[in-house]
Protein chains: 2
Amino acid sequence: MQFSKSTDYALHALVHLGHSERRHNVGIKQLSGALGVSESYLSKIMSKLRQDGIVRAVPGVNGGYELARPAEQISFLDIIEVIEGRQRMFECSNSSSQQHLLLTEAEIAEQESPKREGCLIEKVMDGAEQHLRQYLKGHTIQTILDESRKRCTHDTNKK
Amino acid sequence: MQFSKSTDYALHALVHLGHSERRHNVGIKQLSGALGVSESYLSKIMSKLRQDGIVRAVPGVNGGYELARPAEQISFLDIIEVIEGRQRMFECSNSSSQQHLLLTEAEIAEQESPKREGCLIEKVMDGAEQHLRQYLKGHTIQTILDESRKRCTHDTNKK
DNA sequence: TTATTATGGACATAACGGATCTATAATTAA
DNA sequence: TTAATTATAGATCCGTTATGTCCATAATAA
């Protein structure tokens with residue numbers, strides 16, 4: 001139950017892109033240098049982010065990456081879903097077990113429909129996941145950039 | 001970023017124990033039958049739960065497992081922590097990278113103390129984790145038992 | 001004591017995460 | 001057009017973790 005390192009790298013990389021100027025591509029060399037990750041590995045991560053429309057990539061001289069949309073429209077949830085996948089965090093593996101059915105059938109009985117509802121345990125876990133997703137959706141790359149700049153000005157004022 | 005099957009089994013097993021009578025041990029055979037998991041594997045999981053004081057185990061004839069404390073005092077969080085471990089869900093792997101420090105130093109500068117604060121990304125992720133933990137702490141085995149019985153009486157009323 | 005049951009250790013296997021390398025395609029500058 | 005640069009995709013490797021089995025041992029009650 002841990003986020004992968006790839007998610008870590010992706011988040012840092014996107015914040016880096018967010019810091020850089022508009023219309024200014026950041027190459028994989030520069031990026032890998034800033035994060036301390038190998039170019040080859042980081043490439044894979046950036047490719048994924050491109051395929052999902054989080055960043056744009058320009059090959060060739062002076063090419064590189066830039067955010068595909070404004071930083072306030074890139075949420076933590078977006079990024080995590082790209083890297084970790086979109087499967088549910090919890091799923092009962094043995095859906096035909098006596099114990100599982102005991103917690104499922106009751107639900108089916110309540111509604112007259114034959115619609116397949118999850119078991120009670122799944123419901124709680126799904127609820128947890130929804131809470132998490134909601135929180136992550138509410139925080140974006142811009143959140144970090146704002147916070148970062150706020151700290152900076154604080155710092156300047158003190159001096 | 002998925003919960004392991006072991007967590008699934010543990011949750012189902014504990015609900016099963018919760019359903020059974022007080023002072024009545026449930027053997028691993030019965031338990032594994034109800035869940036549809038092998039005895040040998042489920043044993044491992046139950047042992048962990050015992051070591052952490054979630055269940056009591058009695059060897060010998062008519063032995064087995066029972067909840068070590070009332071079902072309303074066994075939260076989803078308790079169970080998940082036993083099975084999944086207690087590490088944080090997110091941790092920056094390269095804490096000496098330029099990018100990471102950029103998001104950390106500002107924080108250190110703000111407070112005069114040399115106390116090591118996490119980077120801004122970690123802060124958001126930690127916030128997410130706290131939300132999740134709070135939710136999971138608020139749901140117990142008893143939650144499931146209550147819900148299960150509620151459905152039952154509903155069912156009975158309809159008939 | 002004997003039958004029963006949980007426990008712990010060793011072990012096997014498959015899947016996944018993390019990481020590297022290389023060949024290829026696309027783009028721009030000269 | 002050519003050359004340099006840069007991203008992309010595929011193959012592959014290694015180590016760790018999840019999942020699962022088996023067996024010997026210890027503890028308990030009848």
Side-chain angles (χ1 to χ4, degrees), chain A residues 1-10 12-13 17 23-33 35-68 80 82-85 87 89-94, chain B residues 1-10 12-13 17 23-33 35-68 80 82-85 87 89-94:
Chain A
M1 195 47 194
Q2 286 218 123
F3 288 100
S4 68
K5 293 192 180 185
S6 295
T7 294
D8 169 14
Y9 300 147
H12 278 89
L17 294 187
R23 298 269 120 218
H24 179 274
N25 294 319
V26 180
I28 194 71
K29 265 201 187 78
Q30 199 183 330
L31 211 47
S32 96
L35 303 200
V37 190
S38 80
E39 295 179 32
S40 34
Y41 189 39
L42 193 55
S43 295
K44 287 293 158 68
I45 295 167
M46 297 311 291
S47 279
K48 264 193 188 172
L49 292 171
R50 185 193 58 82
Q51 284 166 18
D52 267 65
I54 308 285
V55 301
R56 256 191 301 271
V58 177
V61 182
N62 294 325
Y65 302 93
E66 65 175 345
L67 299 184
I80 290 170
V82 171
I83 306 297
E84 306 274 339
Q87 353 79 23
M89 289 197 325
F90 183 89
E91 212 152 351
C92 290
S93 46
N94 196 340
Chain B
M1 195 46 193
Q2 286 219 125
F3 288 100
S4 69
K5 293 192 181 187
S6 296
T7 293
D8 169 13
Y9 300 148
H12 278 90
L17 294 187
R23 298 270 121 216
H24 179 274
N25 294 319
V26 180
I28 194 73
K29 266 201 186 79
Q30 199 184 330
L31 211 47
S32 95
L35 302 202
V37 190
S38 80
E39 295 178 33
S40 34
Y41 190 40
L42 194 55
S43 296
K44 288 294 158 68
I45 295 167
M46 297 311 292
S47 278
K48 261 193 189 172
L49 291 171
R50 185 193 60 83
Q51 284 167 17
D52 267 65
I54 309 284
V55 301
R56 258 191 300 271
V58 178
V61 182
N62 294 325
Y65 302 94
E66 64 174 348
L67 298 184
I80 289 170
V82 171
I83 305 297
E84 306 274 339
Q87 354 78 23
M89 291 197 322
F90 183 88
E91 213 151 353
C92 290
S93 45
N94 196 341

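Note that the structure is predicted; figures quoted are calculated from it, not measured. Letters go in sequence order (proteins before strands), and every chain restarts at 1.
Counting any heavy atom pair closer than 4.0 Å across all strands shown, A:V58 reaches sugar-phosphate atoms only and no base atom.
Taking atom CG of A:L49 as the reference point, atom P of D:dT8 lies 10 Å away to the nearest angstrom. Look at OH on A:Y65: it is 5 Å from P on D:dA7, rounded to the nearest Å. Between the OH atom of A:Y41 and the P atom of C:dG17 there is a distance of 9 Å, given to the nearest Å. Regarding A:K48, its NZ atom lies at a distance of 19 Å from the P atom of D:dA7, rounded to whole Å. Put simply, CD on B:Q2 is 12 Å from C1' on D:dA18, counting in whole angstrom units. Separating the OH atom of B:Y9 from the C1' atom of D:dT19 is a distance of 8 Å, rounded to the nearest angstrom. We find that CE of A:M1 is positioned 16 Å from C1' of C:dG17, with the value rounded to whole Å. If you take CZ of B:R56 and P of D:dA27, they are 19 Å apart, rounded to a whole angstrom.
Closest to the side chain of B:A57, out of C:dG8, C:dA6, D:dT19, is C:dA6. Nearest nucleotide to the A:K44 side chain, out of C:dC21, C:dG8, D:dT19: C:dC21. Comparing atom distances between the B:V61 side chain and each of D:dA29, C:dA19, C:dG8 picks out D:dA29 as nearest. Comparing atom distances between the A:S40 side chain and each of C:dA19, C:dC21, D:dT28 picks out C:dC21 as nearest. Comparing D:dA27, C:dT20, C:dG8 against the side chain of B:Q51 picks out C:dG8 as the nearest. Set against C:dA6, D:dG20, D:dA29, the side chain of B:K5 has D:dG20 as its closest nucleotide. Counting only heavy atoms from C-beta on, B:S38 has its side chain closest to D:dT21 among D:dT19, D:dT21, D:dT8. Nearest to the side-chain atoms of A:S47 among the listed nucleotides D:dA30, D:dT28, D:dA9 stands D:dA9.
For the OP1/OP2 pair of D:dT8 and a distance below 4.0 Å, the side-chain nitrogens and oxygens of A:R50 include at least one atom meeting the criterion. At the phosphate of D:dT19, OP1 or OP2 sits under 4.0 Å from a side-chain N or O atom of B:S4.
Remark: side-chain polar atoms of A:E84 are not paired, donor with acceptor, to backbone N or O of A:F3 under 3.5 angstrom. Formation of a donor-acceptor pair under 3.5 Å by the B:N94 side chain with backbone atoms of A:V37 is not found in this model. A side-chain donor-acceptor contact under 3.5 Å links A:D8 to the backbone of B:S93.
Note that CG of A:L42 and CG of A:L31 are 5.0 Å apart. Values are rounded to the nearest 0.5 Å. In this structure, B:K5 NZ and A:E91 CD are separated by 10.5 Å, a value rounded to the nearest 0.5 Å.
Checking B:E84 against B:N62, the closest nucleotide of DNA chain D that is more toward the 5' end is the one next to B:E84.
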